[in-house]
Amino acid sequence: RKEFVDLYVNYVFNESIQKPFEDFMRGFLRGCPAKQWKMFLPVELQIVLQGRTEFDWNLLEKNVKYIHYKELDQTIRNFWAVFHKLPEEKKKMFLVFLSGSDRIPGCGLELFSFNIVHLQLENPDEYYPFANTCSRFLFLPR
C-alpha cells in the first residue's frame with residue numbers, strides 16, 4: 001500500500017504535470033529571461049515578484065513628501081489621525097487607491113514613499129481626493 005501511495009503521489013504531483021510545467025517555465029523564462037532568478041530562494045523570489053505584505057504604517061507616514069503642505073498643517077494632521085484609526089484592510093485599500101497595489105514593492109517600506117499634494121483650488125470643498133498611481137501622488141484638497 002505504501003508503495004502504491006508513493007507512486008500515485010509522485011505521478012499526481014510530478015509526472016502528470018511535467019509537460020505543462022515545462023511549457024509554463026519556458027514561457028515564463030521567455031518573458032523574464034533572467035538567469036539570476038536562480039540566486040533567489042523561493043520565498044525571496046515571491047517577494048521580488050509579488051511585493052511585501054508586512055506594513056509599518058508609521059514608517060509610511062515618515063516617508064511622505066509634502067507639496068504645498070507642511071507636516072503640521074491641520075489637513076495633514078487630520079489625514080494621519082483618520083488614517084491611523086482605520087482597520088488594516090482599509091489601510092490596504094488606501095494603498096490600492098494610491099499605488100494600484102495592496103503590497104509594498106520588494107525593496108521594502110523603507111524605500112516606499114509618496115507625495116501629498118495641495119492643488120491650491122479656489123473651492124476645495126467641491127473636490128474629492130484623487131491619486132496618480134504611477135507616480136504615487138495623493139492630491140488632497142484642504
Side-chain angles (χ1 to χ4, degrees), residues 2 4-142:
K2 182 180 179 338
F4 173 79
V5 171
D6 290 343
L7 290 171
Y8 183 75
V9 167
N10 182 53
Y11 174 76
V12 170
F13 290 112
N14 296 314
E15 294 175 21
S16 69
I17 63 163
Q18 185 172 355
K19 175 75 170 106
F21 180 76
E22 287 172 358
D23 294 341
F24 164 78
M25 184 58 79
R26 191 170 35 262
F28 178 81
L29 292 176
R30 189 174 351 151
C32 300
K35 293 180 181 178
Q36 294 84 358
W37 293 118
K38 293 181 180 182
M39 73 179 186
F40 292 108
L41 295 171
V43 70
E44 294 169 332
L45 184 58
Q46 182 177 7
I47 289 171
V48 168
L49 295 176
Q50 293 181 333
R52 296 184 180 274
T53 57
E54 304 88 33
F55 307 102
D56 177 353
W57 301 112
N58 292 316
L59 184 57
L60 178 69
E61 180 180 356
K62 289 177 184 171
N63 290 344
V64 172
K65 297 175 183 79
Y66 300 101
I67 300 173
H68 303 297
Y69 272 123
K70 291 186 174 53
E71 189 174 349
L72 297 177
D73 286 346
Q74 189 62 45
T75 303
I76 298 301
R77 291 194 331 242
N78 290 344
F79 171 81
W80 287 114
V82 169
F83 179 83
H84 287 298
K85 290 179 184 175
L86 292 174
E88 192 74 11
E89 280 306 308
K90 295 284 186 181
K91 290 176 182 176
K92 289 180 183 179
M93 288 173 67
F94 171 74
L95 276 182
V96 172
F97 175 73
L98 177 67
S99 68
S101 175
D102 66 345
R103 295 171 182 251
I104 298 295
C107 59
L109 201 53
E110 299 80 23
L111 300 176
F112 182 87
S113 68
F114 70 97
N115 299 285
I116 296 181
V117 182
H118 177 245
L119 293 177
Q120 301 175 326
L121 303 167
E122 280 187 38
N123 299 317
D125 290 338
E126 295 178 6
Y127 296 90
Y128 293 110
F130 64 98
N132 179 326
T133 57
C134 295
S135 51
R136 295 193 300 256
F137 278 83
L138 173 65
F139 298 96
L140 185 66
R142 282 199 192 275

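These numbers were taken from a predicted model, which means no experiment stands behind them.
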- Message: As an exercise, state the distance from CG of Asn115 to CG of Leu140, rounded to the nearest 0.5 Å.
- Response: 12.5 Å

- Query: Do Phe79 and Phe94 make the cut of ring centroids closer than 6.0 angstrom?
  - Reply: yes

- To the nearest 0.5 Å, atom CD1 of Ile104 lies from atom CZ of Phe55 at 5.5 Å

- State the CD-CD1 distance between Glu71 and Ile76, to the nearest 0.5 angstrom. 9.0 Å

- Note on the structure: For Ser99 and Arg136 the tightest heavy-atom approach is CB-CD, 3.8 Å

- Item | Atom of Ala131, atom of Leu98 and distance for their closest heavy-atom approach | CB-CA, 4.1 Å

- Determine whether Leu119 and Phe130 make a side-chain contact, defined as any pair of heavy atoms from C-beta on separated by less than 4.5 Å. yes

- Counting only heavy atoms not in Phe97, do more than 12 fall under 6.0 Å of its CZ? yes

- Query: Checking Asn123 side chain against Glu126 main chain: does a donor-acceptor pair fall under 3.5 Å?
  - Reply: no

- Item | Electrostatic pair Arg26-Asp23, nearest N-O below 4.0 angstrom | yes

- Query: Does some side-chain heavy atom of Glu15 sit less than 4.5 Å from a side-chain heavy atom of Asn10?
  - Reply: yes

- Inter-residue atom distance His118.NE2 - Phe139.CZ, 0.5 Å rounding: 12.5 Å

- Distance col, row Phe137:CZ vs Ile67:CD1, nearest 0.5 angstrom, shows 4.5 Å

- Task: Give a yes or no on this: more than 12 heavy atoms of other residues, nucleotides or ligands lie within 6.0 Å of atom CD of Glu61.
- Result: yes

- Between Thr133 and Val96, the two heavy atoms sitting closest are CG2-O, 4.4 Å

- Task: Measure the spacing between CZ of Phe112 and CG of Asn63 and express it to the nearest 0.5 Å.
- Result: 9.0 Å

- Message: Quick one, Tyr69 and Arg142 - any side-chain contact, counting heavy atoms below 4.5 Å?
- Response: yes

- Task: Find out whether His84 and Asn58 are in side-chain contact, i.e. whether some heavy atom of one side chain is under 4.5 Å from a heavy atom of the other.
- Result: yes

- Message: Do Trp57 and Lys91 make a side-chain contact, defined as non-hydrogen atoms from C-beta onward lying under 4.5 Å apart?
- Response: yes

- Measure across Leu95 and Asp102 and return the closest heavy-atom pair with its distance rounded to 0.1 Å. CD1-O, 4.1 Å

